[in-house]
Amino acid sequence: MKKRVADIFKEHLGENPPINKPKQKEFGHYAVPIFKYAKENRQNPVEFAKNLCEKLKCEEFESVEPLSGFVNIKLSDKFLDEFANRVITQKENFAKDEKNESILLEYVSANPTGPLHIGHARGAIFGDSLARIGRHIGYKITTEYYVNDAGRQIILLGVSVYLAAREILGLDVEWPDEYYRGEYIKDLAREAIEEFGEDYFKKPLEIVKKDDKKEAVFDKEDLSLWAKDKMLEEIKSDLNDLNVVPFDNWVSERSLYKYWDEVKSILEKNGALYEKDGKIWLKSSEFKDEKDRVVVRENSMPTYLAGDIVYHWDKFKRGLDRYINIWGADHHGYIARVKAAIKFLGFDPDKLEILLSQMVKLLKGGEPYKMSKRAGNFILVRDVVKDVGADALRFVFLTKKADTHLEFDVDDLNKKDSSNPSYYVNYAHARICSIFDNADKKYDDMLGVELKNLSEDEKDLLFFALQLPYVLEDAFNNREPHRLTNYLIDLAGEFHKFYNKNKVIGSEKEDIRLKILAVVGIILNLGLSLLGIKAKERM
RNA sequence: GCGUCCGUAGCUCAACUGGAUAGAGCAACGGACUUCGGAUCCGUAGGUUGUAGGUUCGAGUCCUACCGGACGCACCA
């Protein structure tokens, strides 16, 4: 719709001008600032706008008016009707498009050492909605979860379960300084006793001092890996509870280390590595990183960064057009070194886009919750979902930008009233469904109705509902799904206002108004589904 | 100390990427129920967009310096 308007302007200006939304409704549907063109033509903006308006008259526009440097446009009923029919015919396929770009979207990738907490949920919901929106408008998106199933944390998981099991069995336990706490470890330990048998846990763990820290000596990799798999199952179940579309790929860190030598030789060939103090370093400081980074330790073990380099090598080898990673904001310092590595591998680091999802500060009854994975004092996704439901949680997260700090009280989410914005939008949808029930009509019945002589209210509501395609492009291109959410809240508001002012059933314009409501209902339903929320037909 | 992000109504957040008079919700106050579902609507009040400069037709948005906050600054993942 916007494109058609832009094309009409192009005929007279030579290029597509910015098509803006006027600040005030009375000004019309679209506003085009022409300051730039007036300047190019060395004319007074007011004069220029006036002259341009004369040339722009056509059947798509009901009126074209100049106002202080802007050209304001009102669309014709006929033009709007054409798009209304399109919505009612296509329904959930409306605004679908084709694009040639292929994108790999990696998100969540939480360590498989514990269940998902509320911070992970934000990234999960952010990524999931982005994927849904992007796919709808035609991007070829593959979703991926990188499983950190190697390294010290997995050993630590094994140690924690082992010692917890000994505690359950009444054996003496000496805890190291670092281990995972929390109820889920005890649950795992109980299951592990069933799985491995009591004898498995007989031997006490030797504790050694290392850098002034107590560490456990542990060689039972089978227990660690078993616990990791259990945690992955829980994570999958948590994601499912959040209504996250299942990931296309699960990539194991452990499985990639076998390519390290190959990747290392590429880096060496490109002059990215050097040896110092018995370690191998990456010259990441040549590309905006603060300093060079160790990739192989003195004991010849590759670091985590090495694993991540292999992972990104593996990604880029797949030859997609674009790679998007969603990371927790606390990892922002990591961006430079990964991009440097990509450059050293001979790939284009600009194809990698890293989006940050900020911390969530959760309150309950006004008291702050401290979230820490190690301490076992974190809020579990499943608890919140159980408490307020996935829809409300998704809605709250998706109303805000992902990269700003967010603070909210769980108790507020629990309120089943208008302070919960998901109720506001759902209520609008349910109302429309209810009106159609009362009128004994279906959306499809409205296709035969021709929209004409529309009042300002009718026109405004319809026009607003027809903005969805543009909102989707905007939300995806900016990687800001909250734009869709806020649009839906506004659309619901426009509908509620309209409803209170205008009788539908029994009015002279019943059919025309039903047709407009059909469009609104379809758009609300589609918009919510792209946020991963099921629109309610009854509340 | 260095780096990244952020600072908008009492609170939680928007603002279509530089556009017209900075908007919603919550909280406060006042209205609309013989209702197509009042889980709604209408109204009142609330702001020097952290501070000070700069760039231009035009700045919450861009540049600089301060002030304040979050997070990083591992050979942990």
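Sequence lines set the chain letters: A, B, ... in the order given, protein chains first and strands last, and positions in each chain run from 1.
- Across the C1' atoms, B:G60 and B:G23 are found 12 Å apart, a figure rounded to whole Å.
- For B:U40, the base adopts the anti conformation, since its glycosidic angle falls more than 90 degrees from zero.
- One C1' atom belongs to B:U51, the other to B:C13, and the distance between them is 23 Å to the nearest Å.
- Heavy atoms of other residues, nucleotides or ligands lying less than 6.0 angstrom from NZ of A:Lys343 number 12 at most.
- No contact: A:Asp292 has no heavy atom under 4.0 Å from any strand.
- Among B:A14, B:G72, B:C16, the nucleotide with an atom closest to any side-chain atom of A:Glu290 is B:G72.
- Note on A:Arg297: a side-chain N or O is less than 4.0 Å away from OP1 or OP2 of B:C76.
- Rounded to the nearest Å, the gap between the P atom of B:C66 and that of B:C2 is 9 Å.
- For A:His496, counting side-chain heavy atoms from C-beta on, the closest listed nucleotide (B:A15, B:U40, B:C42) is B:U40.
- Pairing for B:U4 is with B:A70, a Watson-Crick or G-U wobble pair whose two hydrogen-bonding atom distances lie under 3.5 Å.
- Nucleic acid contact class of A:His331 (heavy atoms, under 4.0 Å, all strands): base.
- One can place CZ of A:Phe464 at 15 Å from P of B:G23, the figure rounded to the nearest angstrom.
- Look at the P atom in both B:C11 and B:A27: the space between them is 16 Å, to the nearest Å.
- Remark: ring of A:Tyr304 does not overlap the six-membered base ring of B:C76 in a stacked fashion, as centroids less than 5.5 Å apart with planes less than 30° apart are not both met.
- The partner of B:C41, taking Watson-Crick or G-U wobble pairs whose two distances both stay under 3.5 Å, is B:G31.
- Rounding to whole angstrom units, OH of residue A:Tyr423 and P of B:A24 are separated by 25 Å.
- Distance CG (A:Leu517) to C1' (B:G37): 14 Å, rounded to an integer number of Å.
- Taking for each of A:Glu298 and A:Ala439 the nucleotide of RNA chain B with the nearest heavy atom, the 5'-most of the two is the partner of A:Ala439.
- Under a 4.0 Å N-O distance rule, the pair A:Glu144/A:Lys315 does not qualify as a salt bridge.
- Here A:Lys288 does not reach the OP1 or OP2 of B:U4: none of its side-chain N or O atoms lies under 4.0 Å away.
- Heavy atoms of A:Ser434 sit under 4.0 angstrom from at least one base atom.
- Comparing B:G58 with B:U12, their C1' atoms sit 31 Å apart, to the nearest whole Å.
- With B:A77, B:A14, B:G72 as the candidates, the nucleotide lying closest to the side chain of A:Asp330 is B:G72.
- Within the nucleic acid shown, A:Lys400 comes within 4.0 Å of sugar-phosphate atoms alone, with no base atom in reach, counting heavy atoms only.
- Of the candidates B:U40, B:U17, B:U12, the closest approach to any side-chain atom of A:Tyr424 belongs to B:U40.
- Minimum atom distance to the side chain of A:Asn500 is reached by B:C41, of the listed B:A14, B:A77, B:C41.
- Going from the C1' atom of B:U49 to that of B:U61 covers 10 Å, rounded to whole Å.
- Atom CZ in A:Arg483 sits about 7 Å away from atom C1' in B:U17, given to the nearest Å.
- A donor-acceptor contact shorter than 3.5 Å links the side chain of A:Thr485 to the backbone of A:Leu398.
- Going from atom CD1 of A:Ile309 over to atom C1' of B:A77 covers 15 Å, rounded to whole Å.
- Across all strands shown, B:G23 forms a Watson-Crick or G-U wobble pair with B:C13, both key distances being under 3.5 Å.
- Using a 4.0 Å heavy-atom criterion, one finds that A:Tyr487 contacts no nucleic acid atom at all.
- The distance between atom CG of A:Leu356 and atom C1' of B:A70, rounded to the nearest whole Å, is 13 Å.
- Among the atoms of the strands shown, none is found under 4.0 Å from any heavy atom of A:Lys501.
- Applying the 4.0 Å criterion to OP1 and OP2 of B:A15, one finds that A:Lys401 has a side-chain N or O inside that range.
- Using a 4.0 Å heavy-atom cutoff across all strands shown, A:His332 reaches at least one base atom of the nucleic acid.
- Under 3.5 Å, the side chains of A:Arg394 and A:Ser422 contain no donor-acceptor pair of N or O atoms.
- Put simply, the side chain of A:Leu188 reaches to within 4.5 Å of the side chain of A:Trp226, judged on heavy atoms.
- Of all nucleotides listed (B:G72, B:A15, B:A77), B:A77 comes nearest to the side chain of A:Asn111.
- With a cut-off of 3.5 Å on both pairing distances, the Watson-Crick or G-U wobble partner of B:A65 is B:U51.
- Side-chain N/O atoms of A:His482 include one lying less than 4.0 angstrom from OP1 or OP2 on B:A15.
- Checking A:Gln358 against A:Arg538, the closest nucleotide of RNA chain B that is more toward the 5' end is the one next to A:Gln358.
- OP1 or OP2 of B:U12 has not a single side-chain nitrogen or oxygen of A:Thr404 nearer than 4.0 Å.
- Using a 4.0 Å heavy-atom cutoff across all strands shown, A:Ala430 reaches at least one base atom of the nucleic acid.
- The P atoms of B:U64 and B:C6 are separated by 14 Å, rounded to the nearest whole Å.
- Taking the C1' atoms as reference points, B:G50 lies 23 Å from B:G72, given to the whole Å.
- Counting heavy-atom neighbours within 6.0 Å of A:Tyr259 OH, excluding the residue itself, gives a total of 12 or less.
- Classification of A:Glu221 and A:Arg254 as a salt-bridged pair holds, one side-chain N sitting under 4.0 Å from a carboxylate O.
- In this structure, of B:C16, B:G37, B:A74, it is B:G37 that holds the atom nearest to the side chain of A:Met539.
- Across all strands shown, A:Leu406 has heavy atoms under 4.0 Å from sugar-phosphate atoms exclusively, and none from any base.
- For the residue pair A:His312 and A:Asn325, a side-chain donor N or O sits within less than 3.5 Å of a side-chain acceptor on the partner.
- Regarding A:Arg337, its CZ atom lies at a distance of 11 Å from the C1' atom of B:C76, rounded to whole Å.
- Protein atom OH of A:Tyr499 is 14 Å distant from nucleotide atom C1' of B:A32, rounded to whole Å.
- Using a 4.5 Å heavy-atom cutoff, the side chains of A:Ile280 and A:Glu275 are in contact.
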